[in-house]
Amino acid sequence: LSSTIASSHDIYPRIVCEWADSEDETGKIIDIEVAGNFAYLARGESGLAIVDIRNPKNTQFTAALEGFAYASTVKVSDRYAFVIDKHPGDESARGSLVIVDISDPEVLSEVARFETEAQAIAIDWPHVFLVGLEDGLQVLDVENVSDPELIVSYDSIAGSDVVVDRPHAYIVNADEDVSVIDISRPDHPQVVASYVMKNSPLIIRGVTQKNSARKLAISENHLFVGAVGKRSDSPAWPIADFDSLTRKMLGIALRQLMR
């Protein structure tokens with residue numbers, strides 16, 4: 001984990017602190033979520049960790065929770081962390097959403113598990129939106145966090161990433177484009193629009209690249225789409241090879257959402 005800082009006049013961030021768990025031989029950080037004074041780290045086989053970032057120049061390990069096959073994604077809402085636990089390499093094992101009580105950042109405890117093959121999470125309390133390529137879109141009611149209730153599942157709305165900004169959810173769909181979902185009724189989500197990435201190809205060093213959506217982020221009126229470009233005469237880059245994918249990240253498309 002690296003802390004970075006950049007002034008308003010400096011577009012190049014600088015590393016001011018690095019943290020590593022001396023007891024974690026893998027050194028993996030698969031996903032990170034920052035909420036308040038803490039960073040929450042999904043660390044694969046090493047589970048979930050919390051780091052105190054109140055002093056960015058001196059970050060401190062706070063707590064960890066093991067018992068995961070492979071913690072791959074983490075999101076935080078209020079006193080709970082929602083972690084996707086996968087079983088890579090074991091086709092017979094199903095993944096799960098793990099809900100962790102983080103009200104005491106020094107004492108973490110698992111509250112509940114929900115079986116799912118989801119790859120991404122978005123939270124609009126008390127609803128959790130899960131998206132995956134196998135189970136599609138799943139909406140959970142977690143008002144009672146110890147007993148998550150599945151209120152709807154649409155395997156026809158499959159995808160790999162999701163963000164929520166009511167009344168809409170935005171999903172990287174199975175075609176690697178962006179789908180807009182009306183979630184004003186969480187029990188009855190509806191696809192209302194799509195953005196086809198190939199309509200806005202990237203031009204890198206004079207070469208036109210086909211666009212494929214990968215990751216989403218949302219802020220106020222804007223949806224940020226992390227896109228990968230691919231030349232028509234080159235093979236597709238494997239989605240599963242995340243390290244390779246990161247190195248080949250070629251651009252970010254900024255799209256104005258029409259309200």
Side-chain angles (χ1 to χ4, degrees), residues 28-33 40-48 68-77 80-100 112-124 127-140 142 148 150-165 168-181 183 186 189 191 194-195 197 211-218 223-228 236-246 248-249 252:
K28 291 180 181 176
I29 297 179
I30 310 303
D31 193 25
I32 182 170
E33 172 89 332
Y40 301 82
L41 314 178
R43 303 189 299 165
E45 301 92 335
S46 299
L48 177 69
F68 292 83
Y70 193 87
S72 62
T73 303
V74 58
K75 296 294 180 187
V76 171
S77 180
Y80 299 99
F82 297 79
V83 184
I84 291 178
D85 188 18
K86 290 182 171 292
H87 292 265
D90 186 352
E91 295 182 359
S92 64
R94 293 270 293 171
S96 58
L97 172 71
V98 183
I99 303 177
V100 180
R113 281 183 179 249
F114 175 82
E115 186 176 286
T116 179
E117 285 298 306
Q119 296 175 239
I121 313 167
I123 303 169
D124 184 49
H127 297 108
V128 174
F129 297 82
L130 302 173
V131 169
L133 294 174
E134 291 188 28
D135 291 341
L137 172 64
Q138 298 172 302
V139 184
L140 306 182
V142 293
L150 177 66
I151 61 175
V152 71
S153 179
Y154 281 98
D155 57 10
S156 60
I157 309 178
S160 57
D161 197 24
V162 58
V163 294
V164 168
D165 183 25
H168 296 110
Y170 303 88
I171 292 175
V172 174
N173 61 35
D175 295 323
E176 299 175 349
D177 297 320
V178 179
S179 295
V180 183
I181 317 293
I183 57 168
V191 178
S194 294
Y195 182 81
M197 295 297 294
N211 249 341
S212 296
R214 289 295 188 270
K215 300 293 290 183
L216 301 175
I218 199 162
L223 182 68
F224 296 83
V225 183
V228 172
W237 294 319
I239 296 175
D241 187 353
F242 184 80
D243 289 338
S244 175
L245 182 64
T246 302
K248 290 180 169 64
M249 186 69 75
I252 295 178

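Position 1 is the first residue of the sequence; numbering continues from there.
Atom CD1 of I123 is separated from atom CZ of F129 by 10.5 Å, given to the nearest 0.5 angstrom. The structure places CD1 of I32 at 13.0 Å from OG1 of T73, a figure rounded to the nearest 0.5 Å. Interatomic distance, I157 CD1 to I181 CD1, rounded to the nearest 0.5 Å: 4.5 Å. Note that CG of D31 and CD1 of I84 are 9.0 Å apart. Values are rounded to the nearest 0.5 Å. Taken to the nearest 0.5 Å, the OG atom of S160 stands 7.5 Å off from the CZ atom of R214. The line from CD1 of I121 to OG of S72 is 7.5 Å long, rounded to the nearest 0.5 Å.
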Problem set entry | Derivation and outcome, side-chain contact (heavy atoms from CB on, under 4.5 Å), residues D155 and D135 | CA-CA 5 Å; D155 57 10; D135 291 341; over 6 Å; no

For this session: Could you go through the side-chain contact (heavy atoms from CB on, under 4.5 Å) check for K28 and Y70 one step at a time?
Result: CA-CA 11 Å; K28 291 180 181 176; Y70 193 87; 3.9 Å; yes

For this session: Take L41 and V74 through the side-chain contact (heavy atoms from CB on, under 4.5 Å) test and state the conclusion after the steps.
Result: CA-CA 7 Å; L41 314 178; V74 58; over 6 Å; no

Problem set entry | side-chain contact (heavy atoms from CB on, under 4.5 Å) evaluation trace for V225 with L223 | CA-CA 6 Å; V225 183; L223 182 68; 4.2 Å; yes

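A donor-acceptor pair is defined here as one N or O able to donate and one able to accept, closer than 3.5 Å; no such pair exists between the side chain of D85 and the backbone of F68. For N173 (side chain) and D175 (main-chain N/O), a donor-acceptor pair under 3.5 Å exists by modelled atom type.
Heavy atoms only, all atoms of each residue included: D177 and Y195 are closest at CB-O, 3.2 Å. The shortest non-hydrogen separation linking V172 to K215 is CG2-N, 4.4 Å. The two atoms that bring I30 and G44 nearest to each other are CG1-N, 3.6 Å, heavy atoms only. The heavy-atom pair separating A118 from L130 by the smallest distance is CB-CB, 3.7 Å. Taking all atoms of both residues into account, the shortest heavy-atom contact from I171 to A158 is CG2-O, 4.3 Å. When every heavy atom of A42 is checked against every heavy atom of A71, the shortest pair comes out as CB-O, 3.7 Å.
Every residue meeting the side-chain hydrogen bond (donor to acceptor under 3.5 Å, both in side chains) condition with E115, not counting sequence neighbours, appears here in chain and number order: R94. Considering only residues two or more places apart in sequence or on other chains, Q138 meets the side-chain hydrogen bond (donor to acceptor under 3.5 Å, both in side chains) condition with T116. With sequence neighbours excluded, the residues forming a side-chain hydrogen bond (donor to acceptor under 3.5 Å, both in side chains) with S96 are R113, listed by chain and number.
Put simply, the side chain of I151 reaches to within 4.5 Å of the side chain of P186, judged on heavy atoms. Looking at heavy atoms from C-beta onward, L97 lies in side-chain contact with L140 at the 4.5 angstrom threshold.
With respect to E117 and K86, no salt bridge is recorded, no charged nitrogen being found less than 4.0 Å from a carboxylate O.
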